[in-house]
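Taking it in order: structure first as structure tokens, then the write-up.
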Amino acid sequence: MDRPSSPLPPSGPVSPSDPPSEPVPPGRATSPGPEPRSGSTPHRSGRDQAGRRRARERAATDRDIRQTARTLLVEHGPEAVTLRAIARELGITAPALYRYYGSRDDLLEHLRADVVSDLGEALAGEIAGHEAGGPRRLFAICRGFRRWALAHTNEFTLVFASGATAATSSTAKLQQLTEPFGRLFLLAAGDVLLADEAALPSDDVVPAELRDDLAGYRDALLAVLAEAGVDVPPQRLTVGTTYLMMQFWARLYGHVTLEVFGNYPIPLAKPDTLFDALLADLAREIGLPTTAT
């Protein structure tokens, strides 16, 4: 018995994604292209949304990203600065940020540089009007650094108290005369400590276990000072002087860090008085009158 004939296969290959063709109603002329089908509107809407997203991503600039990162830092702290959070604030996808920064660490390095630049500008304002090379410039920087840290707790945390690498540690910042904070602090400290009236310690006071490390740091300081055009006789920047500079910074930084994070062992009604006493002690140790502070 003859079997019913099956429909002829369509001419040419058929992609699994191609929809089946629809019959043309009688009396309607065929058109060169396919007729719109129900269900195509959501697909077109999805394409429109993707296009709008790409447009937003193209409009995002490096300045937008850094401003958003800075806002997250100031309002919520360093841990809140993530690529996902920044993308959410800007209305773009997180992968789009990789066109600007290779990683979160890369972004944080640039954000640290922005913060340090702002700190340098703030400290430059603190020393305006003070005699160049005088001790008052150094102690004005110390007071300005404390005020800035107390007013910018989260930025201080990012730069000076977060898990920094060797390249971004507070010590590295002090060694880099090319960045504002290190340049101001080191030049002011060097002017005071290398002045004739300063009472420089003998190398004999330096513990033997520290001398090699301090000698290497002293050589690094001489190199960066020379690059900045500051001619310092090596016999003045001795291992003992370097030891004194390290102690000066450690005590200043330690005091400010304790105050910023509220870690004083007792509550203090007048913390300014304690900080002033610290500066007076530092002045006496380098042979300066306490009025110099």
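All residue numbers refer to positions in the sequence shown, counting from 1.
- When hydrophobic side chains of Ile, Leu, Val, Met, Phe, Trp and Tyr are connected at separations under 4.5 Å, Val74 ends up as a singleton with no cluster partners.
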- Report the C-alpha separation of Glu126 and Arg143 in whole Å, then their side-chain angles, then the decisive distance to 0.1 Å, and conclude whether the salt bridge (charged side-chain N to carboxylate O under 4.0 Å, His left out) test is met. CA-CA 8 Å; Glu126 294 285 346; Arg143 286 193 171 88; over 6 Å; no

- Query: Taking it one step at a time, do Arg251 and Glu285 satisfy salt bridge (charged side-chain N to carboxylate O under 4.0 Å, His left out)?
  - Reply: CA-CA 12 Å; Arg251 291 176 64 182; Glu285 288 179 11; 2.6 Å; yes

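- Put simply, the side chain of Thr257 reaches to within 4.5 Å of the side chain of Tyr253, judged on heavy atoms.
- Shortest non-hydrogen contact noted between Pro201 and Thr241 is CG-N, 4.3 Å.
- Hydrophobic clustering, with ILVMFWY side chains joined whenever heavy atoms are under 4.5 angstrom apart, keeps Leu187 apart from Met246.
- Note: the hydrophobic cluster containing Leu72 also contains Leu97 (ILVMFWY, side chain heavy atoms under 4.5 Å, direct or indirect links).
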- Item | Tyr100 and Arg66: CA distance, side-chain angles, deciding distance, side chain to side chain donor-acceptor pair (under 3.5 Å) verdict | CA-CA 10 Å; Tyr100 298 93; Arg66 291 203 199 184; over 6 Å; no

- Take Thr61 and Asp64 through the test side chain to side chain donor-acceptor pair (under 3.5 Å) and record every step on the way to the result. CA-CA 5 Å; Thr61 64; Asp64 296 328; 3.0 Å; yes

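- Leu186 and Val239 fall into different hydrophobic clusters, defined by Ile, Leu, Val, Met, Phe, Trp and Tyr side-chain heavy atoms under 4.5 Å apart, directly or through other members.
- Grouping the Ile, Leu, Val, Met, Phe, Trp and Tyr side chains by contacts below 4.5 angstrom, directly or via other members, places Leu119 with Leu138.
- Scanning for salt bridge (charged side-chain N to carboxylate O under 4.0 Å, His left out) contacts around Arg284 gives Asp281, with sequence neighbours left out.
- Ile65 contributes atom CD1, which lies 11.0 Å from atom NE2 of His110 (distance to the nearest 0.5 angstrom).
- By the salt bridge (charged side-chain N to carboxylate O under 4.0 Å, His left out) test, Arg136 pairs with no residue at all, sequence neighbours left out.
- Applying the salt bridge (charged side-chain N to carboxylate O under 4.0 Å, His left out) criterion to Glu79, with sequence neighbours excluded, gives no partner residue.
- Partner of Val256 under the side-chain contact (heavy atoms from CB on, under 4.5 Å) criterion, chosen from Trp148, Phe160, Phe156: Phe156.
- Closest of all the heavy-atom pairs between Val192 and Pro135 is CG2-CA, 3.5 Å.
- When the side chains of ILVMFWY residues are joined at heavy-atom separations under 4.5 Å, either directly or via intervening members, Met245 and Val206 end up in two distinct hydrophobic clusters.
- Side-chain contact between Leu83 and Tyr98 is present, with at least one heavy-atom pair separated by less than 4.5 Å.
- For His255 and Phe145, the distance between ring centers is not under 6.0 angstrom.
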- Message: Assess the residue pair Phe275 and Leu252 against the criterion (side-chain contact (heavy atoms from CB on, under 4.5 Å)); give the C-alpha distance rounded to whole Å, side-chain angles, the decisive distance to 0.1 Å, and a yes or no.
- Response: CA-CA 9 Å; Phe275 188 72; Leu252 172 67; 3.7 Å; yes

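- Nearest heavy-atom pair, Phe248 versus Cys142, reported as atom, atom and distance to 0.1 Å: CE2-SG, 3.8 Å.
- Within the model, atoms OH of Tyr217 and CG of Asp219 stand 12.0 Å from one another, a figure rounded to the nearest 0.5 Å.
- Put simply, the side chain of Leu288 does not reach to within 4.5 Å of the side chain of Thr293, judged on heavy atoms.
- Atom-to-atom distance recorded for Asn263:CG and Leu258:CG is 6.0 Å, nearest 0.5 angstrom.
- In this structure, Arg84 has no salt bridge (charged side-chain N to carboxylate O under 4.0 Å, His left out) partners at least two apart in sequence or on a different chain.
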- Message: Let's go through Asp203 and Tyr243 carefully: what are the C-alpha distance in whole Å and the side-chain angles of both, what is the deciding distance for side-chain contact (heavy atoms from CB on, under 4.5 Å) to 0.1 Å, and is it a yes or a no?
- Response: CA-CA 9 Å; Asp203 289 356; Tyr243 184 51; over 6 Å; no

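- Between the side chain of Asn154 and the main chain of Leu73, a donor-acceptor pair closer than 3.5 Å is present.
- One finds a salt bridge joining Asp118 and Arg70 here, because a Lys/Arg side-chain nitrogen approaches an Asp/Glu carboxylate oxygen to under 4.0 Å.
- For the atom pair CZ of Arg104 and CD1 of Ile86, the computed distance is 8.5 Å after rounding to the nearest 0.5 Å.
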- Task: Begin with the C-alpha distance, continue with both residues' side-chain angles, and end with the deciding distance and a verdict on side-chain contact (heavy atoms from CB on, under 4.5 Å) for Leu111 and Leu158.
- Result: CA-CA 9 Å; Leu111 191 55; Leu158 174 68; 4.0 Å; yes

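- Under the 4.5 Å side-chain criterion, counting only non-hydrogen atoms from C-beta, Tyr264 is in contact with Leu274.
- Closest non-hydrogen pair, Ala85 versus Ala80, comes out as CB-O, 3.8 Å.
- Every side-chain contact (heavy atoms from CB on, under 4.5 Å) that Pro233 has, sequence neighbours left out, goes to Gln235, Arg236.
- Taking CG from Asp114 and CD from Gln67, the interatomic distance works out to 10.0 Å, rounded to the nearest 0.5 Å.
- If you take CZ on Arg137 and CD1 on Ile127, they are separated by 4.0 Å, rounding to the nearest 0.5 Å.
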- Message: Please evaluate residues Arg147 and Asp272 with respect to the criterion salt bridge (charged side-chain N to carboxylate O under 4.0 Å, His left out), reporting the C-alpha separation (whole Å), side-chain torsions for both, the decisive distance (0.1 Å), and the verdict.
- Response: CA-CA 10 Å; Arg147 274 194 295 269; Asp272 291 356; over 6 Å; no

